[in-house]
Amino acid sequence: MLEGATAVVSAITAGYQEVVDQWARGRSALDGLVSDLNTAAAQVADLNARIRSTAAAGGSVNELVDQRAAVAATLAALGGGEVRHRDDGTVDALIGGNPIVQGTSVNRLAVTGAARVQDAAADPVQVEWAHRPGTPAGVGDGEIAAHVSLLAPAQPTGTGGVLAEAAATYDALAADLAAAVNAVHTTGTTTSGAPAGDVVGFPPGVSAAAGLRVVVTAGGLATAAPGAGPLDGSVADAIAAIGRGAGSPGAVWAAFVTTTGAAARTANDRADPAALSARTAVDLQLSTAGVDLDEETMNLLTYQRAYEGAARVMTVMDEMLDVLINRTGVVGR
Amino acid sequence: MSAVIGRVTSGMTARAAQHHLQANLQRMSTLMERASGQRAILRPSDDPVGTGDSLRLRSEQRAAEQHARNTQDGLGWLTVADSAIRTSVDLLVRARDLALQGATGTASQQARDALAEEIDGIRDALLTEANASYNGRSVFAGTSDAGVAFSEDGTFQGVPGSSVVRRIGPDEQLRVDVDGAAVFGSGAGSVFAVLETLAADLRAGADVSGSITAISERREEVLGHLSQVGVRYNRLEAAKVATEQRLGRIEAGIVEVEDVDLARMIIDLKSQEVAYQSALGVTARVLQNSLMDFIR
């Protein structure tokens, strides 16, 4: 029985640890994304400056504009937002209505908040303007917004970030399980007649799911109710009954597994149409911007024929001049 | 998709072909994973409802297996108790016969001494039966851990009023031990005390009719317990069959929820393979030609 308890406890702590690790990975990925966004914004501002000065000097800015468009696309993929063109050839990039690039100046974004899922509730992760600390930047789109919503703290209604909700469920499960088992177990006595202690416990200061441990030893297991004889099994039977019923830890766990499964399935189902519409959008863009080999070949042929035609005209003119210059006065000779 | 787009470029065709090939390959890998693992549910998102059912069925299965083990254990207890009580009844019948022989006035003192000797032997045999044990626990001692139900001098060692119960179904518990104090009696009325008195009376040449009545009464009492044990044994046998049937139903449910239908899986896999191959073939045909191949 102790082996079974240890297996359950280690499954809970391992599952919890995985969620914690995944949250930490998401957090560091968010840092990277925001720094990418800042770099892209700086590049756009730099290109703005060069385009303006080149245009003022009367040079060609087409290549620079192409480059800027590519960087702006990265910017949009990371943080959503919109791009506005100005008369002097520069662009402004806006995120959540506020400029991240304005002409040649850049406003940087920063990530603040907890570095661990355990602290996420007290200190939620948010993306804010570096020059205006404390106010969320309102990144509503793109990879960064997706990461922020993933790292959101758990809510009592269960509508918080997926990972924090999972961690909270693990915690609640561990605490419930420990409380239920210990409450029944401590009413019993061990085979030697001593009053029983706790079966599982967690050290203070650590979340229930992370610190859950089996604290009872084989000799400290209480199976008997007091006064019912040393080898009585009624407390063991009562502990076995904890697993049944509506609010039991088993039911909580089953609800968590099916809810997570259903959520993952819904997300999968939603991802398919989203991918389809994304693909359609890219196709629409490519249908105007893309290059088709057949079309280019046709154009090439047209120009080649035109060139040949022009060359033929040259030949004809050359022959005409030849007649005029070299044959003049010798007609009939 | 391309219906609403006026212009199709070779790059778009290549992209679309790549996407469809990838989708085909993904479907095939999922099917292959299921077929090779022989499981319909690889992760909860494959079938959330099925996962819930599977969790419930598995927990019921574990409980039913434990109930089956409990029932088996209970049958062991009752078998031991049954045989001990049966032997005790035989011994009591023999003791009563001996007492009747001793009660006839014609018996010589020598004969009565011999009878007393045999009564002592019967008492010891009864003590052994009363201390019959199963798996190291005395079946007549209740929840006591004393090791024996009756000590050498016939004192009951068990926990009075306690009972050993086994859970044999989700809502059913059954007592699998027998109260030693009720079967063999305790104190002055115990079968051991009665036989000791009988032996002493025989040796002293006193009247033994009181002991004969006491032995008869004790025999009736023990027979009553024997029939109770029989009833409970039957109840356990019925529970064992019921648990086995329940286990069968649960296992059938688990198979239905978790296992793949192999024939269907192979057909799906085969048709997916055909789809993938045709996609590969079509892609190879479409993408290799352009206008460049036809002008020189």
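Values below: all heavy atoms of this structure, side chains included; hydrogens, waters and symmetry mates excluded.
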Name the member of Ala224(A), Ala251(A), Pro230(A), Gly250(A) that forms the most heavy-atom pairs with chain B at distances under 4.5 Å. Pro230(A)
Under-4.0 Å salt bridge between Arg34(B) and Asp46(B): yes
How far apart are the closest heavy atoms of Thr217(A) and Leu2(A), and which atoms are they? C-CD1, 3.8 Å
In terms of heavy-atom pairs under 4.5 Å, which option from Val164(B), Asp145(B), Asp47(B) contacts chain A the most? Asp145(B)
Pairwise side-chain contact, Arg166(B) with Trp77(B), heavy-atom cut-off 4.5 Å (strictly under): yes
Using a cut-off of 6.0 Å, state whether more than 12 heavy atoms not belonging to Glu308(A) lie near its atom CD. yes
Can you list every pair that meets side-chain hydrogen bond (donor to acceptor under 3.5 Å, both in side chains) and has a residue in residues 245-270 of chain A, with sequence neighbours left out? none
Toward chain A, the part of Pro170(B) with a non-hydrogen atom under 4.5 Å: backbone
Given Gly142(B), Ala23(B), Ser144(B), the one with more heavy-atom pairs under 4.5 angstrom with chain A than any other is Ser144(B)
Sequence neighbours excluded, which residues qualify as side chain to side chain donor-acceptor pair (under 3.5 Å) partners of Glu172(B)? Arg235(B)
Considering only heavy atoms, give the residues of residues 231-238 of chain A separated from chain B by less than 4.5 Å, sorted numerically, with 'none' for an empty result. Leu231(A), Asp232(A), Asp237(A)
When only heavy atoms count and the cut-off is under 4.5 Å, which of residues 49-73 of chain B reach chain A? Thr51(B), Gly52(B), Leu55(B)
Under 4.5 Å, counting heavy-atom pairs only, tell me which of Asp294(A), Leu300(A), Leu276(A), Leu301(A) racks up the most with chain B. Asp294(A)
Using the ring of each side chain (for Trp, its six-membered ring), is Tyr170(A) parallel, tilted or perpendicular to Phe256(A), with breaks at 30° and 60°? perpendicular
Can you tell whether the side chains of Arg68(A) and Asp66(A) come within less than 4.0 Å, N to carboxylate O? no
Test item: Thr302(A) and Arg305(A) side chains (from C-beta on) under 4.5 Å apart, heavy atoms: no
4.5 Å side-chain heavy-atom contact, Val184(A) and Ile242(A): yes
Could you give me the CA-CA distance, side-chain angles and deciding distance for Arg249(B) and Glu244(B), then say whether salt bridge (Lys or Arg N to Asp or Glu O under 4.0 Å) is met? CA-CA 9 Å; Arg249(B) 277 200 303 277; Glu244(B) 268 160 15; over 6 Å; no
Within this structure, what is the CD-OH distance for the pair Glu296(A) and Tyr303(A), rounded to the nearest 0.5 Å? 9.5 Å
